[in-house]
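Predicted, not measured: the structure shown is a model, and the values here were computed from it.
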Amino acid sequence: MSPVAPRIAVVEDDGPTSAQLQQWLRAARPDAQIEAFSTREAAEAALTTQRFDLVTLDLELGRERHAGIALINALNKRGLGTPVLVVSAMPAAVYRSIMKALDAWDYLQKTQFEEAEFIETVLALLRANKPAAADDAPTLDPLWQRSPLWRGQKLNLPLTAQRILATLLERRGEVVSYEELFDVVKSGRSKDNVRKHVATIRDALRDVDPGFDGLENVPMRGFRWSAR
């Protein structure tokens, strides 16, 4: 079965830049359905009523310096986990941390990247936004820059817990030893510390599904993701 064509929104008020981004998006995914918006009003009307697999947007639209931030907030209120790639002339050193706090998935500064980097970033975000697999596992951002999603809801997990969860998901059905999990714990490499991180993961999963029991403790050995 061929993959479903992604729907991508391009929010950019500069005509040549919008055309360039659309061209690169078609190079990345020739099957993509691309819709372009040049004003905050038109973009907001679409983003709050339709579903997109990826949104690329500029922060400045017309005379509104932070129109893009308002659009990201509007998307976040929908709770769909739509990946947002900010493409802006604003300095990345200043704005990347702001965008991370707003749950934008990545940030590229205009004139500071080439087509290949743009395409690589787009493809990574589209892969990360695939629907959950049949085993109903959480989806994690490969860049480790945002909370993982499960059943359309965010899991509130610190970075180390995310890395442990990713390791367990990669080895689903297998016992992952404490020693192997030590490799993804940057400090406090002890069984006690790993158990605390796993407890945090369980709590986050049970905030979504109180009956979740698919993360097993294997006595003296480690942990196993057994959910189907």
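A donor-acceptor pair is defined here as one N or O able to donate and one able to accept, closer than 3.5 Å; no such pair exists between the side chain of Arg224 and the backbone of Leu215. One N or O on the side chain of Gln162 and one on the backbone of Leu157 form a donor-acceptor pair closer than 3.5 Å. With hydrogens and angles ignored, the 3.5 Å screen pairs no side-chain donor or acceptor of Arg172 with any backbone N or O of Trp225. At least one donor-acceptor pair under 3.5 Å links the side chain of Arg7 to the backbone N or O of Arg51. A donor-acceptor pair is defined here as one N or O able to donate and one able to accept, closer than 3.5 Å; no such pair exists between the side chain of Thr56 and the backbone of Val10. Judged purely by atom type and a 3.5 angstrom limit, Thr17 has no side-chain atom pairing as donor or acceptor with the backbone of Asp13. Between the side chain of Thr49 and the main chain of Ala45, a donor-acceptor pair closer than 3.5 Å is present.
The existence of a salt bridge linking Arg206 and Asp203 is excluded, since no basic side-chain nitrogen approaches an acidic carboxylate oxygen closer than 4.0 Å.
Under the 4.5 Å side-chain criterion, counting only non-hydrogen atoms from C-beta, Phe118 is in contact with Leu25. Counting only heavy atoms from C-beta outward, the side chains of Pro6 and Asp31 approach each other to under 4.5 Å. Side chains of Leu59 and Tyr107 form a contact here, defined as non-hydrogen atoms less than 4.5 Å apart. For the pair Leu205 and Pro138, the minimum side-chain heavy-atom distance is below 4.5 Å. Counting heavy atoms from C-beta outward, Leu155 and Val208 have side chains that approach closer than 4.5 Å. Side-chain contact check for Val86 versus Leu57: some heavy-atom pair is nearer than 4.5 Å.
A distance of 6.5 Å separates OG in Ser190 from CZ in Phe182, rounded to the nearest 0.5 Å. Separating the CG atom in Asn73 from the CD atom in Glu44 is a distance of 10.0 Å, to the nearest 0.5 Å. If you take CG on Asp14 and CD on Gln20, they are separated by 11.0 Å, rounding to the nearest 0.5 Å. Distance check: Leu21 CG to Ser18 OG gives 6.5 Å after rounding to the nearest 0.5 Å. The CG atom of Leu47 sits 8.0 Å away from atom OG1 of Thr82, with the distance rounded to the nearest 0.5 Å. Here the straight-line distance linking atom CG of Leu159 with atom CD1 of Ile164 works out to 10.0 Å at 0.5 Å rounding.
Screening residues 61-78 for salt bridge (Lys or Arg N to Asp or Glu O under 4.0 Å), with sequence neighbours left out, gives Arg40-Glu64. Residue pairs meeting the salt bridge (Lys or Arg N to Asp or Glu O under 4.0 Å) criterion with at least one member in residues 109-118, sequence neighbours excluded, are Glu12-Lys110, Asp58-Lys110.
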For Asn217 and Arg202: C-alpha separation, side-chain torsions, deciding distance, then whether side chain to side chain contact (heavy atoms under 4.5 Å, CB included) applies. CA-CA 11 Å; Asn217 175 21; Arg202 280 205 190 96; 3.8 Å; yes
Using side chain to side chain contact (heavy atoms under 4.5 Å, CB included), reason through Phe223 and Thr167 one step at a time and then give a plain yes or no. CA-CA 10 Å; Phe223 297 91; Thr167 302; over 6 Å; no
Check the pair Thr121 / Leu125 against side chain to side chain contact (heavy atoms under 4.5 Å, CB included), numbers first and verdict last. CA-CA 6 Å; Thr121 303; Leu125 295 181; 4.2 Å; yes
Check the pair Thr200 / Asn156 against side chain to side chain contact (heavy atoms under 4.5 Å, CB included), numbers first and verdict last. CA-CA 9 Å; Thr200 298; Asn156 184 23; over 6 Å; no
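Every residue was checked against the side chain to side chain donor-acceptor pair (under 3.5 Å) condition with Arg221, not counting sequence neighbours, and none meets it. Remark: Glu180 engages Arg171, Ser177 in a side chain to side chain donor-acceptor pair (under 3.5 Å) (not counting sequence neighbours). For Gln33, the side chain to side chain donor-acceptor pair (under 3.5 Å) criterion is met by no residue, not counting sequence neighbours. Checked against side chain to side chain donor-acceptor pair (under 3.5 Å), Glu170 has no partners two or more places apart in sequence or in another chain.
Cluster membership check: Trp24 shares its hydrophobic cluster with Val122, using side-chain heavy-atom separations under 4.5 Å among Ile, Leu, Val, Met, Phe, Trp and Tyr. Criterion: ILVMFWY side-chain heavy atoms under 4.5 Å apart, direct or through other members. Under it, Val175 and Val194 are not part of a common hydrophobic cluster. A single hydrophobic cluster is not seen to contain both Val218 and Leu165; linkage of ILVMFWY side chains at heavy-atom distances under 4.5 Å, directly or through other members, places them apart.
Smallest separation of non-hydrogen atoms from Glu216 and Ser226: OE2-OG, 3.0 Å. Leu123 and Ala28 make their closest contact through CD2-O, 3.7 Å (heavy atoms, listed as atom of the first residue, atom of the second, distance). Contact between Ala36 and Gln22 at its shortest, heavy atoms only, is CB-NE2, 3.5 Å. The minimum heavy-atom distance between Ala46 and Phe52, with the atom names listed, is O-CE1, 3.9 Å. Annotation for Ala5 and Asp53: closest pair O-OD2, 4.3 Å, computed over non-hydrogen atoms.
Atom CG of Asp213 sits in a sparse spot, with 12 or fewer heavy atoms from other residues, nucleotides or ligands closer than 6.0 Å.
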